[in-house]
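Just so it is clear, the model here is predicted, and its values are computed rather than measured.
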Amino acid sequence: MAGSWNSLAACILFFTSVLAVEPPMLQPDEFPSDIELGSRVQIVCYLKKGDLPVTFRWNKDGKQLLTNERITISSSDSISSNLRIQRVISEDVANYSCTGTNSAGSDSFTAALIVRGNVI
């Protein structure tokens, strides 16, 4: 009987490890330090580790980032999200956060967009 329990325990451990979803781990990125008004900038939110599917969300100063003709969010694959700003203006100076989420959890990082010579 002990052999049956050992086999059952081994099967449970195997299936638990197969079915376990690994939470996302993002690779932090930063904005360049030489951004000027009117320039273009891009930052990437990259899934370094974790199981798919992952959804990405961008925030600006803690609020959901709204896109427009100057500010776009795109993804060419399932493991990254790109934030692009065309013609940086002073209102773009902020902390931008990316959050990656799957069924096991989430991870995020924040990057400050600072414009050279801009006084807030």
Side-chain angles (χ1 to χ4, degrees):
M1 189 71 163
S4 296
W5 285 112
N6 287 339
S7 296
L8 179 61
C11 286
I12 290 171
L13 286 174
F14 172 76
F15 285 116
T16 302
S17 67
V18 168
L19 298 176
V21 176
E22 185 176 10
M25 180 183 293
L26 302 179
Q27 179 175 306
D29 197 5
E30 297 178 351
F31 287 104
S33 60
D34 60 348
I35 300 170
E36 296 178 355
L37 292 176
S39 64
R40 295 178 193 91
V41 68
Q42 172 177 290
I43 189 168
V44 178
C45 187
Y46 180 75
L47 180 66
K48 180 172 144 180
K49 193 174 175 185
D51 289 326
L52 299 174
V54 172
T55 57
F56 295 96
R57 185 182 73 243
W58 286 95
N59 288 346
K60 176 183 176 184
D61 287 335
K63 297 178 183 170
Q64 184 175 358
L65 179 62
L66 302 176
T67 59
N68 56 42
E69 66 280 350
R70 281 186 328 98
I71 300 173
T72 59
I73 297 170
S74 64
S75 181
S76 59
D77 54 38
S78 60
I79 61 170
S80 66
S81 177
N82 304 303
L83 168 60
R84 291 184 184 98
I85 302 175
Q86 303 288 332
R87 299 180 318 275
V88 172
I89 60 176
S90 59
E91 288 81 8
D92 296 328
V93 173
N95 289 311
Y96 291 83
S97 301
C98 178
T99 302
T101 304
N102 69 10
S103 61
S106 64
D107 189 24
S108 64
F109 72 87
T110 300
L113 190 153
I114 300 169
V115 174
R116 188 169 58 182
N118 189 51
V119 179
I120 300 177

Can you tell me how far apart [atom1] ([X]) and [atom2] ([Y]) are? Round to the nearest 0.5 Å.
X   : Y   : atom1 : atom2 : result
D92 : S39 : CG    : OG    : 9.5 Å
T99 : Q64 : OG1   : CD    : 11.0 Å
N82 : I73 : CG    : CD1   : 10.0 Å
R84 : I71 : CZ    : CD1   : 13.5 Å
K60 : S97 : NZ    : OG    : 12.5 Å
S90 : L37 : OG    : CG    : 6.5 Å

Query raised in the report: Take atom CZ in R40; do more than 12 heavy atoms of anything else shown fall under 6.0 Å from it?
Result: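 No, because the 6.0 Å sphere around CZ of R40 holds 12 heavy atoms or fewer from other groups.
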Report task. Answer yes or no: are there more than 12 heavy-atom neighbours, outside Q86 itself, under 6.0 Å from its atom CD? Result ->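 Counting neighbours around CD of Q86, more than 12 heavy atoms of other residues, nucleotides or ligands fall under 6.0 Å, so yes.
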Student check: side-chain heavy atoms of [X] and [Y] closer than 4.5 Å:
X   : Y    : value
L26 : C45  : yes
L52 : N102 : no
Y46 : P28  : no
D34 : P32  : yes
I85 : R70  : yes

Requested in this report: Give the C-alpha distance, both sets of side-chain angles, the deciding distance and a yes or no for side chain to side chain contact (heavy atoms under 4.5 Å, CB included) between S78 and V54.
Outcome: CA-CA 7 Å; S78 60; V54 172; over 6 Å; no
Report task. Examine distances only and state if a side-chain atom of S75 and a backbone atom of S80 form a donor-acceptor pair shorter than 3.5 Å. Result ->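 Side chain of S75 to backbone of S80: a pair is present.
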Query raised in the report: D61 side chain to N95 main-chain N or O, any donor-acceptor pair under 3.5 Å?
Result: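 It does hold such a pair.
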Query raised in the report: When you check the gap from the basic side-chain N to the acidic O, do K48 and D107 get nearer than 4.0 Å?
Result: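 D107 and K48: not salt-bridged.
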Query raised in the report: If you measure only the distance, is there a donor-acceptor pair under 3.5 Å linking the side chains of S81 and W58?
Result: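 S81 vs W58: donor-acceptor pair found between side chains.
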Query raised in the report: Hey, are R57 and T101 close enough side-chain-wise for a donor-acceptor pair under 3.5 Å?
Result: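 Looking only at side-chain atoms, R57 and T101 do not form any donor-acceptor pair under 3.5 Å.
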Query raised in the report: So, for P24 and G105, which heavy atoms are closest and what is the spacing to 0.1 Å?
Result: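 Shortest heavy-atom separation between P24 and G105 comes out as CD-O, 3.5 Å.
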Query raised in the report: Given the rule that I, L, V, M, F, W and Y join up when any side-chain heavy atoms are under 4.5 Å apart, are Y96 and I89 in one cluster?
Result: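 No; I89 is not reachable from Y96 via cluster members.
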Query raised in the report: Quick one: do V44 and F56 end up in the same hydrophobic cluster if we chain Ile, Leu, Val, Met, Phe, Trp and Tyr together by side-chain heavy atoms under 4.5 Å apart?
Result: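 Same hydrophobic cluster.
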Report task. Determine, step by step, whether V88 and I35 satisfy the side chain to side chain contact (heavy atoms under 4.5 Å, CB included) criterion, reporting the C-alpha distance in whole Å, the side-chain angles of both residues, the deciding distance to 0.1 Å, and the verdict. Result -> CA-CA 8 Å; V88 172; I35 300 170; 4.2 Å; yes
Query raised in the report: Who are the salt bridge (charged side-chain N to carboxylate O under 4.0 Å, His left out) partners of R87, not counting sequence neighbours?
Result: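 With sequence neighbours excluded, R87 shows a salt bridge (charged side-chain N to carboxylate O under 4.0 Å, His left out) to no residue whatsoever.
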Query - Pair listing, salt bridge (charged side-chain N to carboxylate O under 4.0 Å, His left out) test, anchored in residues 94-105, at least two apart - result: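 Those involving residues 94-105 do not exist here.
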